[in-house]
Amino acid sequence: MKAEKFKSPFKGRSLLNWIDWKREEIEWILDKAFLVKKQSHNGEVHQRFLGKTIALIFEKRSTRTRSSFETAFGEEGGHPVFMSTDDIQLGGKESVEDTARVLGRMFSAIEFRGFKQEHVELLAKHSGIPVINGLTDSFHPTQVLADIMTLKEQFGTLKGLSVCFCGDGRNNMARSLMLICAKFGINFSIFAPKELSPDEEIIKICTPFAKESGASITISDEISVVKGADCLYTDVWVSMGEETLKDERTKLLQPYQVNRELMAATGKSSTIFLHCLPAVKGQEVTEEVFESNASRVFDQAENRKHTIKAIMLALI
Ligand code: CP
Ligand code: NVA
């Protein structure tokens, strides 16, 4: 069997976050995500990863990200190898740098899901192969590509839309959404208590991109901030690794739950609901909104696979 060629100007590059990617470059990958989705729905079989291998390192749990990487890579003829921290020595007995150098001799690419952003950066620096961030405490770049794909499917366009993130405004999702919305001209707001406002550093990074694209960035603890939103987005109140903060967060974030009243407060009947999942229903979102006609969470989850396939095709 002969491997199919897939032309991409980004071969060999890593995706650690979207900061150093231009809007047109992200759009190029997004277009490919729409292409592979169509091919998949048409039942086409391609072998674009034939002869390739990817190491999938997971320090944290995953359903969607792992399934997307494994199925998207495997069905195109590639060989994914899953490694949890119970399997490898990463950062413990063996340094991240040494692990990177070994994997770089054996694999075509690495996916890393873990705690420290610094670790995914070290893997990229020392492995010599493309590294894809499958979530760290700081960023979740593959998720937000699926999110903008879902918005584009829904609204036909991205520029000028308004997305409001409700809940823990400091977390990896809030930060990553702020960044991608700023690049694409999507007005982005965060409805969060002051204690959980995003830090200055991420706002400083995103502000020039927002200026260039014409997007706004608004942070507020007042409900009026959701007015006019085309999408209310939320995420768990307690991210992986923060389990001890559960009681404190539950108390603090109750007024920021996405429920029927908050959806109505946008003043638009067309507002959709998105969530990266997994969801804790009854906390950040009510069962009613989650199951409502406004909810696009399973289209969004499916789009994880198509966008991850497109990212791998572009980089590997
Ligand atoms: N949204 C997301 O990353 O899901 P998983 O944690 O299941 O991978
Ligand atoms: N903020 C969440 C996202 C899960 C996809 C976490 O880091 O656990």
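Ligands are counted one by one from 1 in listed order, and the atoms in each one are counted from 1 as well.
- For the pair Arg175 (side chain) and Ser138 (backbone), a donor-acceptor distance under 3.5 Å is present.
- Taking every non-hydrogen atom of Asn171 and a distance limit under 4.0 Å, the qualifying atoms of ligand 2 come out as 1 (N).
- Distances below 4.0 Å separate heavy atoms of Leu277 from the following atoms of ligand 2: 5 (C).
- Using a cutoff of 4.0 Å between basic side-chain nitrogens and carboxylate oxygens, Lys268 and Asp230 are scored as salt-bridged.
- For the pair Val238 and ligand 2, no heavy-atom separation below 4.0 Å is found.
- Taking a cutoff of 4.0 Å between a charged side-chain nitrogen and a carboxylate oxygen, Lys125 and Glu121 do not qualify as a salt bridge.
- In this model, a donor atom of one side chain and an acceptor atom of the other lie less than 3.5 Å apart for Thr65 and Arg113.
- Exactly one of Gln47, His46, Arg48 qualifies for a side chain to side chain donor-acceptor pair (under 3.5 Å) with Glu76. That residue is Arg48.
- Closest to atom 8 (O) of ligand 2, if we only count protein heavy atoms, is Met240 N, 2.8 Å.
- For atom 6 (O) of ligand 1, the nearest protein heavy atom (residue, atom name, distance) is Arg113 NH1, 2.9 Å.
- At a cut-off of 3.5 Å, with distance as the only test, a side-chain donor of Thr271 or Thr266 sits close to an acceptor on the other residue.
- Taking a cut-off of under 4.0 Å to the non-hydrogen atoms of Leu135, the atoms of ligand 2 that pass are 3 (C), 4 (C), 5 (C), 7 (O).
- Relative to the six-membered ring of Phe273, Arg296 misses at least one condition, a distance below 6.0 Å or an angle of at most 45° to the axis.
- Nearest protein heavy-atom neighbour of atom 3 (C) of ligand 2: Asp235 OD2, 3.5 Å.
- Using a 4.0 Å cutoff on heavy atoms, Lys60 does not count as a contact of ligand 1.
- Of the candidates Glu243, Glu284, Glu242, Glu242 is the only one forming a salt bridge (Lys or Arg N to Asp or Glu O under 4.0 Å) with Arg249.
- Between Pro278 and ligand 1, no pair of N/O atoms sits closer than 3.5 Å.
- Taking only nitrogen or oxygen atoms, main chain and side chain alike, Arg304 reaches within less than 3.5 Å of ligand 1.
- Residue-ligand proximity: Leu135 is placed with every non-hydrogen atom at 4.0 Å or more from ligand 1.
- At a heavy-atom cutoff of 4.0 Å, ligand 2 is contacted by the side chain of Asn172 but not by its backbone.
- Residue Ser239 has at least one heavy-atom neighbour below 4.0 Å for each of these atoms of ligand 2: 1 (N), 2 (C), 6 (C), 7 (O), 8 (O).
- With hydrogens left out, the protein atom closest to atom 4 (O) of ligand 1 is Arg64 NE, 2.8 Å, a heavy atom.
- For the pair Arg13 and Trp21, the cation-pi criterion (under 6.0 Å, within 45° of the ring axis) is fulfilled.
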